[in-house]
Student: 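Below you will find the structure I want to go over with you.
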Amino acid sequence: MSEPYSYPFELPPEDEIRFADAGAIEGRPAGVPSSYDEGGSTRWTPEAISEVHALAQLGRYQVRGYNTFNKRMPTFDDLTFVPATMTRLPLEGYRESCTTKTILGGGRGTDVVAKPLELDIPIYIASMSFGALSANAKASLGYGASRVGTMTCTGEGGMLEEEREASNKLVYQMSPARYGIDLDHLRRADGLEIVVGQGAKPGTGGLLLGMKVSPRISQMRTLPEGVDQRSTIRHPDFLGADDLAVKIEELRIATNYQVPISLKMGATRPRYDVAIAAKAGADIVVVDGAEGGTGASPELLLNHTGIPTMSAIRAARESLDECGMSGKVSLVAAGGIRSGVDAAKCLALGADAVMIGNSAMIAMGCNSPRYLEDYAKLGTSPGACHHCHTGLCPVGVATQNPELEKRMDPHAGAERVARYLTAMTMEITALAKACGKSSVHNLEVEDLRALSFEASAFTGVKMAGIDRAFDW
Amino acid sequence: MTHIVDVGERHIREINEEIQEAAARGDEIRVVNTLSRHNLGVGLPDGCKISFEGSVGYYCGGLNTGARIEVERNAGWAVGEGMSKGHITVGGYAGMSVGAAMINGTIHVKGDAGPRCGVAMKGGNIVVEGKIGYQSGFMAHQGKIIALGGAGESCADALWSAEVWVAGDVDSLGVDVNVVEPTAEEVAEVDAILDPLGLVDSSRNWRKMVAGERLWYFESRDASAWLMI
């Protein structure tokens, strides 16, 4: 039996073994584990704790503008293009032409829609109301869109004269609340948009807090000044799809079968919802993904309702294919589109056009690094501001305060919007040409590969390298 | 002269175009053989005088801009929706959403009206000789809904600035309603609306319903107001 091992030296004092030499913290010789100063709970994060504190003090859910902060949403960066190489021939990206002309709402024939929407680019400005945005911002969008041959949409606040004047093409939104409904406005519009939901908060109506219900807004919307306007989500005069078909017929009669009728929905069950909208007679279906923005919403709805835009587009396109309505009904994608690259991915996934909201606002000056002291008053800073709901937009985009609105010069804003749309279009055509397409509408799912299992599973796009879609 | 429009099974576009052309000529219009079709007489112009034989379907007189419209018997959903001016008389019953989002003008229903009568209306008057259905006046912005034969459940639900006047029983009140005692001047205003229709009766015991205004604003410390929405 061997003897137990003994050190060939004397054991040092216990303090020395326990790091009790220079610099160790009294009583905490092992140092401070991160769980002590940062907390280690994945459930009770600092954000979750502050949310509880907020609810405990407010007695209500939190309200804010902008868009989802849910970190689990995929981004379009999870997809990449695979340009032409040996199997396909690219076009000369710097030289050859690539058409961007986009026609929406013409699929049912000129006897139903005499004047489909003919756009020079596959991008237009989303329905954002005068109310959520300032009149100057609305005018900027109108002029900027007109400059590049595309259109804007009124949003739910009714038709603003400044916007009608600025916009060569303007879509009039029929919201459930029907603020300022006017047959003359319907007939002066280049298209109608029936909204049954929005990506930011599908299943819930619009919200405009009292700070933005100015005298002009209250007059246009027939509301008492300064009320917190919480709009309906159900339409007042139709409930289901069969009624909607009758409603669409009514609107065609009212506008003398001249203009297309869009149906805008928040993306929830697009595979079914889109088929129903097409069957009910919509000329254009707008699918607005969960990343879509808004001027104000209960925060929980922004973060926890709806499905990602990328997944909705594929489902919507397959839905139209399956019911034989592709070609008859146009598909527009919206929600979180930040660039021409994102837009090109939407087209490749199956959209005929895209609609941009937040990015157009940012082009106008939202979150731009000016008036820093006013961002600070809101407790935020340029690049992080999401305070559209307060009506205190430091740059005059999302406000009804006349002093703040002056900071949004409609002419400079228009030019920024026009340049941004031009740049986006260049980005789309650059990608399309690299993929060998002479029209941006020829972009297809085969031009994409997924960089994550999730993106592949959401979209059916093949995984990079392995060249197979994630298979259930 | 009176122009007769025969509806039957013809395409709805053709029917409405014939109506619009006759109205543009200034003819009085009589629409026959209506078969309760939807979308008869949409977007009619000011000055037009038109009557519909029998019953009509949805959206009759929708987006009216000043026509005087008479429906002999019953009307389907949303008669006179979005109208900005004019006068509509329904001889029988009216379905859901009479005068939805209407801006101005008068709708007179001689029988009962269905649910959500006057929903989202922005102005004008709706007079129902019978009973109005559940949730009538839902989120009505301005104008008056006057029911002479009672009201169903959830009456005057979530009003903005519109008023709901009911003579007879109210099955139940909607959320955020105040029932107020009308002043003599206010009753006189309502009588002035009823007078041209031959419906004034000084013995009525009115209930005037207006917004409680609690739903107009976020009330962070009143959890009960929150539970209602």
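Just so we're clear, the structure is a prediction, and the values are computed from it rather than from any experiment. Each chain gets a letter, A, B and so on, in the order the sequences are listed, and its residues count up from 1.
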Student: With chain B as the partner chain, list the residues of residues 198-225 of chain A whose heavy atoms fall under 4.5 Å from it, by residue number, and write 'none' if nothing qualifies.
Tutor: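 Result: L207(A), L209(A), R221(A), T222(A), L223(A), P224(A).
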Student: Under a 4.5 Å heavy-atom cutoff, which of M139(B), H38(B), K122(B), Q142(B) has the most pairs with chain A?
Tutor: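 Most pairs with chain A among the choices: K122(B).
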Student: Looking at NZ of K247(A) and CG of N39(B), how far apart are the two atoms once the value is rounded to the nearest 0.5 Å?
Tutor: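 These two atoms lie 8.5 Å from each other.
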Student: Please classify the contact between R13(B) and chain A as side chain, backbone, both or neither, with a heavy-atom cut-off of under 4.5 Å.
Tutor: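 For R13(B), heavy atoms of backbone and side chain both lie under 4.5 Å from chain A.
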Student: More than 12 foreign heavy atoms under 6.0 Å from CZ of R188(A): is that the case here?
Tutor: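 Count over threshold, so yes.
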Student: First locate atom CD of E249(A), then atom CG of N16(B), and finally report the distance between them rounded to the nearest 0.5 Å.
Tutor: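 Answer for the CD-CG pair, E249(A) versus N16(B), is 8.5 Å.
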Student: What distance do D243(A) atom CG and M96(B) atom CE have between them, rounded to the nearest 0.5 Å?
Tutor: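 These two atoms lie 6.5 Å from each other.
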Student: When you compare the side chain of W216(B) with that of D228(A), does any pair of heavy atoms fall below 4.5 Å?
Tutor: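 No, too far: nothing below the 4.5 Å cut-off.
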Student: If you count heavy-atom pairs under 4.5 Å between each of L186(A), T255(A), L251(A), L239(A) and chain B, which one has the most?
Tutor: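 Counting heavy-atom pairs under 4.5 Å, the top option is L239(A).
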Student: How would you list, by chain and number, every residue that makes a ring-ring contact (aromatic ring centres under 6.0 Å, His included) with H386(A), sequence neighbours excluded?
Tutor: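 ring-ring contact (aromatic ring centres under 6.0 Å, His included) check on H386(A) returns F69(A).
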Student: Yes or no on side chain to side chain contact (heavy atoms under 4.5 Å, CB included) for N256(A) and E17(B), after CA distance, side-chain angles and deciding distance?
Tutor: CA-CA 9 Å; N256(A) 199 24; E17(B) 281 173 356; 3.8 Å; yes
Student: Please tabulate, for side-chain N and O atoms in residues 172-182 of chain A, each donor-acceptor pair with protein atoms closer than 3.5 Å (sequence neighbours left out).
Tutor:
{"from": "Q173(A)", "atom 1": "OE1", "to": "E156(A)", "atom 2": "N", "distance (Å)": "3.0"}
{"from": "Q173(A)", "atom 1": "NE2", "to": "S127(A)", "atom 2": "OG", "distance (Å)": "3.4"}
{"from": "Q173(A)", "atom 1": "NE2", "to": "E193(A)", "atom 2": "OE2", "distance (Å)": "2.7"}
{"from": "S175(A)", "atom 1": "OG", "to": "E156(A)", "atom 2": "OE1", "distance (Å)": "3.4"}
{"from": "S175(A)", "atom 1": "OG", "to": "A177(A)", "atom 2": "N", "distance (Å)": "3.3"}
{"from": "S175(A)", "atom 1": "OG", "to": "R178(A)", "atom 2": "N", "distance (Å)": "3.3"}
{"from": "R178(A)", "atom 1": "NE", "to": "S175(A)", "atom 2": "O", "distance (Å)": "3.2"}
{"from": "R178(A)", "atom 1": "NH1", "to": "D237(A)", "atom 2": "OD1", "distance (Å)": "3.4"}
{"from": "R178(A)", "atom 1": "NH1", "to": "D237(A)", "atom 2": "OD2", "distance (Å)": "3.0"}
{"from": "R178(A)", "atom 1": "NH2", "to": "H235(A)", "atom 2": "ND1", "distance (Å)": "3.0"}
{"from": "R178(A)", "atom 1": "NH2", "to": "D237(A)", "atom 2": "OD1", "distance (Å)": "2.9"}
{"from": "Y179(A)", "atom 1": "OH", "to": "Q229(A)", "atom 2": "NE2", "distance (Å)": "3.3"}
{"from": "Y179(A)", "atom 1": "OH", "to": "S231(A)", "atom 2": "OG", "distance (Å)": "2.8"}
{"from": "D182(A)", "atom 1": "OD1", "to": "D184(A)", "atom 2": "N", "distance (Å)": "2.8"}

Student: To the nearest 0.5 Å, how far apart are CZ in R187(A) and OG1 in T65(B)?
Tutor: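 Taking CZ in R187(A) and OG1 in T65(B), the distance rounds to 7.0 Å.
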Student: Give, as side chain, backbone, both or neither, the part of L63(B) having an atom under 4.5 angstrom from any heavy atom of chain A.
Tutor: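 Contact with chain A involves both backbone and side-chain atoms of L63(B).
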Student: At a heavy-atom separation under 4.5 Å, does Y59(B) approach chain A through its side chain, its backbone, both, or neither?
Tutor: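 Both parts, backbone and side chain.
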Student: Using only non-hydrogen atoms and a strict under-4.5 angstrom cutoff, which residues of residues 66-82 of chain B touch chain A?
Tutor: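 Against chain A, the residues of residues 66-82 of chain B that fall inside the cut-off (heavy atoms, under 4.5 Å) are W77(B), A78(B), E81(B), G82(B).
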